[in-house]
Every structure is written in structure tokens, then in C-alpha cells.
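Hydrogens, waters and symmetry mates play no part in the numbers below; they use all other heavy atoms, side chains included. The residues of the chain are indexed from 1 along the displayed sequence.
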Amino acid sequence: MLFREYAEGNRKAAHLKLREKAMPIAREGRLARERFFAAILKDFSTGEIEALKDFSRRIQNNIDSFLEGTKC
């Protein structure tokens, strides 16, 4: 379902790409994700969704900071 592609002159960094036959599966996954989020956020205003995104980003930043401070 995936293949590696290298930039010209750079064999160190491989970029993973979907094969053409995987595109319908990826499309179905995107549609399922969109339907899921539409369902769980259906009664939220745009402002509330933006606030949720901000809270989530801030929580993730706090988690990252915590984990950086607890490295062995």
C-alpha cells in the first residue's frame, strides 16, 4: 500500500507515498473521520470548537513540557 520515494540527490530521507490502489481506502478513512467529528461536535458553535482546539493544543504543550522534564 506504500512505497518509498527519494528526493533527487538524497538517498537518506525516504518519503512514504500511498500507492494508487490505496487511495480509495484512504478516502474512505477521511470521510469516516469527517462524519465522526461532525457527529460528536454537532451541537457546538464555531467559537466553542475553536476554544476546544485551543484547550487541546495547550494541554498537549503541557504534556510535552512535562515529558521533557521527566526524561531519564
Side-chain angles (χ1 to χ4, degrees):
M1 295 278 171
L2 293 175
F3 67 96
R4 281 178 275 192
E5 186 173 278
Y6 296 93
E8 189 174 325
N10 181 358
R11 299 289 299 166
K12 290 183 181 180
H15 300 273
L16 298 178
K17 305 263 182 158
L18 286 177
R19 294 193 181 280
E20 192 62 38
K21 68 180 183 178
M23 294 299 186
I25 297 167
R27 194 174 309 111
E28 286 178 35
R30 276 192 301 277
L31 290 172
R33 183 184 64 222
E34 289 171 11
R35 285 192 305 270
F36 174 74
F37 280 105
I40 66 172
L41 298 173
K42 102 178 156 156
D43 294 325
F44 288 81
S45 70
T46 302
E48 290 170 325
I49 292 170
E50 291 305 313
L52 177 61
K53 288 178 184 178
D54 183 56
F55 296 151
S56 297
R57 180 189 51 75
R58 290 164 52 195
I59 290 169
Q60 184 62 55
N61 288 343
N62 291 342
I63 291 169
D64 292 345
S65 293
F66 174 78
L67 293 175
E68 286 176 11
T70 60
K71 289 184 180 175
C72 298

How long is the straight-line distance from CZ of Arg19 back to CG of Leu2, given to the nearest 0.5 Å?
8.0 Å

Taking every non-hydrogen atom, the tightest pair across Asn10 and Lys12:
OD1-N, 2.9 Å

Going from CZ on Arg35 to CD1 on Ile40, what distance comes out if it is rounded to the nearest 0.5 angstrom?
14.0 Å

If hydrophobic clusters are built from ILVMFWY residues whose side chains come within less than 4.5 Å, do Met1 and Phe3 share one?
no

Same apolar cluster: Phe36 and Leu31, side chain cutoff 4.5 Å:
no

Do the side chains of Met23 and Ile25 join up, straight or via other hydrophobic residues, at under 4.5 Å, putting them in one cluster?
no

Counting heavy atoms not belonging to Glu20, are there more than 12 under 6.0 Å from its CD?
no

Could you walk me through whether Lys53 and Ile49 pass the side chain to side chain contact (heavy atoms under 4.5 Å, CB included) check?
CA-CA 6 Å; Lys53 288 178 184 178; Ile49 292 170; 3.9 Å; yes

Which is it for Leu16 and Arg4 under the side chain to side chain contact (heavy atoms under 4.5 Å, CB included) test, yes or no, and what are the steps along the way?
CA-CA 5 Å; Leu16 298 178; Arg4 281 178 275 192; 3.6 Å; yes

On a heavy-atom basis, the closest approach of Tyr6 and Ala13 is CD2-O, 3.5 Å

Given the rule in the side chain to side chain contact (heavy atoms under 4.5 Å, CB included) test, do Ile63 and Gln60 qualify, once you have shown the distances and angles that lead to the verdict?
CA-CA 5 Å; Ile63 291 169; Gln60 184 62 55; 4.2 Å; yes

Pick out which of Asn62, Asp54, Asn61 makes a side-chain hydrogen bond (donor to acceptor under 3.5 Å, both in side chains) with Arg58.
Asp54

Cluster link Ile59 to Leu67, ILVMFWY, side chain under 4.5 Å:
yes

